[in-house]
Amino acid sequence: MAKILTSRKENYAQWYNDLVIKADLAENSAVRGCMVIKPYGYAIWEKMQSVLDSKFKETGHSNAYFPLFIPKSFLSKEAAHVEGFAKECAVVTHYRLKSSSGGKGIEVDETAKLEEELIIRPTSETIIWNTYKNWIQSYRDLPLLINQWANVVRWEMRTRLFLRTAEFLWQEGHTAHATKEEAIEETIKMLNVYSEFAKNWMAIPVISGTKTENERFAGAVETYSIEAMMQDGKALQSGTSHFLGQNFAKAFDVTFLNKTGKLEHVWASSWGVSTRLMGALVMAHSDDRGLVLPPKLAPIQVVIVPIYKKSEELENINREVEVIRQKLVASGITVKYDNRDTHKPGWKFADYELKGVPLRLAVGPRDIENKSVEVARRDTLEKKSYPLEGIEETVKSLLTEIQENIFNKALEFRTQNTHTTDSYEEFKEIIENKGGFINAHWDGTRETEEKINQETKATIRCIPLNNKQEPGKCIVTGKPSSQRVLFAKAY
RNA sequence: CGGGGUGUGGCGCAGUUGGCAGCGCGCGUCGUUCGGGACGACGAGGUCGGAAGUUCGAGUCUUCUCACCCCGACCA
């Protein structure tokens, strides 16, 4: 087999890059830091979108759309928020071009300067809260449960396909509530939507928790996240949900009359997942031969490849496969029959493995003879013949099995790479040599977290929800601690 | 923003002392092949990132410039 991917062992980062490009998920564009998401990659994103979108609808949310541009003055209304995003904003300053004086090319027309500059949204809290001000007057207008699917821009210094790009796609939910309790409940409810999605659809186990002050969203009172472990032991924050308190309501003066006729500021949440999930999906399951996709998110769940010598044989196989295909489609399975005669079977095998198609059926003269089909699993690379009779049931249960298997593999990997220690020396040694997650005691201060970060590159990923309360001593300062927190190097 | 590197057919690269722009993959046509990335023959495709300079002559030397990549600080 021609080796086309760098192996994970050789260079994990390179493997990831190779894979994203070779599997046709995305490529770098002519614009620095911005990627082109290719049809195959976008198909996966669309599946994620469609599942999440229906979950948002089920939990009572409606979609809407707010502008890409945010007046500069809006961004500065919430102090922490502007502080957090100021360094990575793209700014629109002019609205017209003109022909260059030299004759060729165009240049900015300096006479067309905007009175107020526009920020390309790094997130939409400000424009949305400015709008909510007009939508909310009474407790009867609450809760307000809105989501938007959009692109945002954060001018990142260094970018990586899907994991960190200057422009990325995401959804951002923005809700307004009458009480603090309700807003917190919403924040956690959506965090749970994310964690269930990660587990049940992406087949990635995640740890839900709260962020420390250092890692908190700019403008939030509390940030919750789901953290996943990648195959190199690093953590990937895969979704966030923020309890915003009354910060934005106060900044944008969003008030409502409660039942007793008293004017109050509303309580808020915001939550989002992005195309970064694509990166998580790639890095959680894939191997040196290519992508491994969970059946529930695979654009093609089953590919059928005909094996033949002469064209009469192909006609025969075509007829046979059409029957199989219809049975599978009737069972709700996404099937592709690839009978292109421009590529050989071996080439197709390798290509669909690279693209992570969960199951591959091969149908040749031998199979027709034996009334069987050769089925190859992408996750285990196992090949086996199954009777044609009842193939749709076989495929269905294999797909279920693959979905479970890759989740279990990811869970097993995480378990094996999660450590517990009470010694800072050991902590350093683990981070340095083994990687993975570490549960350790921490005194709760920003200083200690920063010290650990500087000395080891590890950060506190989260304080897990429903964490076991367990008195101990901070691994650095020895000060008392009531629980262990989750440390790891992160993307 | 600091450090390092690279720009030559679609992609990956070679190009010696300055002397006819090459190789592999891919692409096209034809034939033989087809149960794990087939092979042969023929063929198409490049103002060598850009500008200026040195020279009889520049992919190669000089100056300037642009772009991208990698490593760090920052970040979902």
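- Across all strands shown, the partner of B:A38 is B:U32, judged by Watson-Crick or G-U wobble contacts whose two distances both fall under 3.5 Å.
- When the P atom of B:C66 is taken as reference, atom CZ of A:R32 falls 15 Å away, rounded to whole Å.
- A:K344 contributes no side-chain N or O that forms a donor-acceptor pair with the base of B:G35 under 3.5 Å.
- Looking at A:E320 and A:R325, no side-chain N of the basic residue comes within less than 4.0 Å of a carboxylate O on the acidic one, giving no salt bridge.
- Judged by distance alone, the side chain of A:W15 and the main-chain N or O of A:D287 form a donor-acceptor pair under 3.5 Å.
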Step by step, work out the salt bridge (Lys or Arg N to Asp or Glu O under 4.0 Å) result for A:R366 and A:E374.
CA-CA 10 Å; A:R366 247 170 21 217; A:E374 185 192 80; 5.2 Å; no
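- Of the candidate nucleotides B:A76, B:C70, B:A73, B:A76 has the atom nearest to the side chain of A:T165.
- Under the Watson-Crick or G-U wobble criterion, with both distances below 3.5 Å, B:C13 is paired with B:G22.
- One atom, NZ of A:K22, and another, P of B:G26, lie 13 Å apart when rounded to the nearest Å.
- For A:W155, the CH2 atom sits in a loose shell: 12 or fewer heavy atoms of surrounding residues, nucleotides or ligands are nearer than 6.0 Å.
- Between A:Y308 atom OH and B:A38 atom P the separation is 13 Å, expressed in whole Å.
- Computed from coordinates, the A:N28 CG to B:G12 P distance equals 11 Å when rounded to whole Å.
- Here the nucleotide nearest the side chain of A:D367, chosen from B:C74, B:G35, B:G37, is B:G35.
- When Watson-Crick and G-U wobble pairs are counted only if both distances are under 3.5 Å, B:G53 pairs with B:C61.
- A donor-acceptor contact under 3.5 Å links the side chain of A:R360 to the base of B:G36.
- Atom CG of A:D341 is separated from atom C1' of B:U32 by 15 Å (rounded to the nearest Å).
- Pairing for B:G2 is with B:C71, a Watson-Crick or G-U wobble pair whose two hydrogen-bonding atom distances lie under 3.5 Å.
- Where A:A166 and A:I307 meet RNA chain B, the nucleotide closest to each residue was compared, and A:I307 sits on the side nearer the 5' end.
- Here A:F168 lies in heavy-atom contact (under 4.0 Å) with a base.
- Using a 4.0 Å cut-off, no side-chain N or O of A:K348 falls inside it from OP1 or OP2 of B:C34.
- Remark on RNA chain B: of its neighbouring residues A:S274 and A:L354, the 5'-side contact belongs to A:L354, judged by nearest-heavy-atom nucleotide.
- Of all nucleotides listed (B:A76, B:C1, B:G36), B:A76 comes nearest to the side chain of A:R276.
- As rounded to the nearest Å, B:A51 and B:G59 have P atoms that lie 12 Å from one another.
- A:E322 CD: more than 12 foreign heavy atoms inside a 6.0 Å radius.
- Figure legend. B:A44 is base-paired to no nucleotide; pairs are counted as Watson-Crick or G-U wobble with both atom distances under 3.5 Å.
- Between the P atom of B:G36 and the CG atom of A:D338 lies a distance of 16 Å, rounded to the nearest Å.
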